[in-house]
Amino acid sequence: MRAPTISDVFQARRVLTGHLRPTPLSSYAALDATTAASVLVKHENVQPTGAFKVRGGLNLLAGMASEDRQRGIIGYSTGNHAQSLAYAARQAGAACTIVMPERPNPSKAAAVRALGAELVEFGATMAEACEHAEKLAAEHGSRLVSAANEPQLIAGVGTTYLEVFEQAPDLDVIVVPVGGGSGAAAACVVAAAVAPQCQVIAVQSSASPAGHDSWRTGQLVSRANRTVAEGLAIGSGFELTQRILRQHLADFVLVDDETIADAQWVLMRDAHTVAEGAGAASMAALLAYPHLFAGKRVGVMCTGGNASEAELRTVLRPAAAA
Ligand SMILES: *Cc1c(COP(=O)(O)O)cnc(C)c1O
């Protein structure tokens, strides 16, 4: 599988113009004080689907031949990938089927249905949902869209990093949360081409460390997958994204779910921003490893804001008590 290049990202930007507005990159004095760094938050939580993935979905659908589009697309996802595909399919007039493990986040399931996709709840785990999606795709001849081994998704997602480096050409480091790795891979492709001074640091939950361990060991490994942060809940490394990360990534850190919840609160308090767990993982890296970031200009990717009500109540409870 061919890795996307910076030209593919520029091409994706042309495709996305007219679909999506650039998202803000904002600083907050309170956040700088909390972190002892100069922090710039990239607000992908304000995308129409509440997460950055919509960039990839729109780019992928735009690149499909019309006869393929007519057979529809199918994806398996805990939520944001699903919303991205459903949103993009509706824009392109294509049918979309999403397989989720049973008992999904109710707000994400409702959002997928509201976007007109067919939602199939199947299996206890992502792996079972994936297998079922493969079977349905084979039966219907529809295009199965992987969460990460997709050059067009990575190229689409890369457009957020073009925006970041236009908005702040002088970043020292950018912190990117990793599930399947499309976001971090895209950050690597774009930073290497237009901001080579900027280090890309990836972060994952220590409760779902497969991407981190794959990068450290240089092999695609499977690991326990127990994080409550849905966008990060992936149990194995992906070939394409790991290949890109091995070339360009400066560092890869792990944070625990408790620190992610703390970071959600910090983003609410200091940046008036609602982030879901995965969307706060970059912020959590700054809380957990302050020495890596002190005094630097740091881009923090707030990748998504689709937190359920239960999740937000949990995040606020200890903060309110403290
Ligand atoms: C999917 C997702 C991630 C992880 O992105 P990958 O490209 O799968 O590594 C991070 N944050 C949010 C909000 C997500 O939906």
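Atoms within a ligand are numbered from 1 in the order they appear, just like the ligands themselves.
The salt bridge (Lys or Arg N to Asp or Glu O under 4.0 Å) check on Asp270 picks up nothing, with sequence neighbours excluded. Residues passing the salt bridge (Lys or Arg N to Asp or Glu O under 4.0 Å) test with Glu131, sequence neighbours excluded: none. Under the ring-ring contact (aromatic ring centres under 6.0 Å, His included) criterion, Phe122 pairs with His132, sequence neighbours left out.
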Please tabulate, line by line, the atom pairs linking an N/O of ligand 1 to a protein N/O at a distance below 3.5 Å, with the distance in Å to 0.1, or answer 'none'.
{"from": "ligand 1", "atom 1": "7 (O)", "to": "Ser182", "atom 2": "N", "distance (Å)": "3.0"}
{"from": "ligand 1", "atom 1": "7 (O)", "to": "Ser182", "atom 2": "OG", "distance (Å)": "2.5"}
{"from": "ligand 1", "atom 1": "7 (O)", "to": "Gly183", "atom 2": "N", "distance (Å)": "2.9"}
{"from": "ligand 1", "atom 1": "8 (O)", "to": "Gly180", "atom 2": "N", "distance (Å)": "2.9"}
{"from": "ligand 1", "atom 1": "9 (O)", "to": "Gly179", "atom 2": "N", "distance (Å)": "2.7"}
{"from": "ligand 1", "atom 1": "9 (O)", "to": "Gly180", "atom 2": "N", "distance (Å)": "3.3"}
{"from": "ligand 1", "atom 1": "9 (O)", "to": "Gly181", "atom 2": "N", "distance (Å)": "2.7"}
{"from": "ligand 1", "atom 1": "11 (N)", "to": "Thr303", "atom 2": "OG1", "distance (Å)": "2.6"}
{"from": "ligand 1", "atom 1": "15 (O)", "to": "Lys53", "atom 2": "NZ", "distance (Å)": "2.6"}
{"from": "ligand 1", "atom 1": "15 (O)", "to": "Asn80", "atom 2": "ND2", "distance (Å)": "2.8"}

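A salt bridge between Arg13 and Glu163 is absent, with no side-chain N of the basic residue lying under 4.0 Å from a carboxylate O of the acidic one. Remark: Asp68 engages Arg71 in a salt bridge, criterion side-chain N to carboxylate O under 4.0 Å.
Residue Thr160 comes nearest to Lys42 through the heavy atom pair OG1-CE, 3.2 Å, listed as atom of the first residue, atom of the second, then distance.
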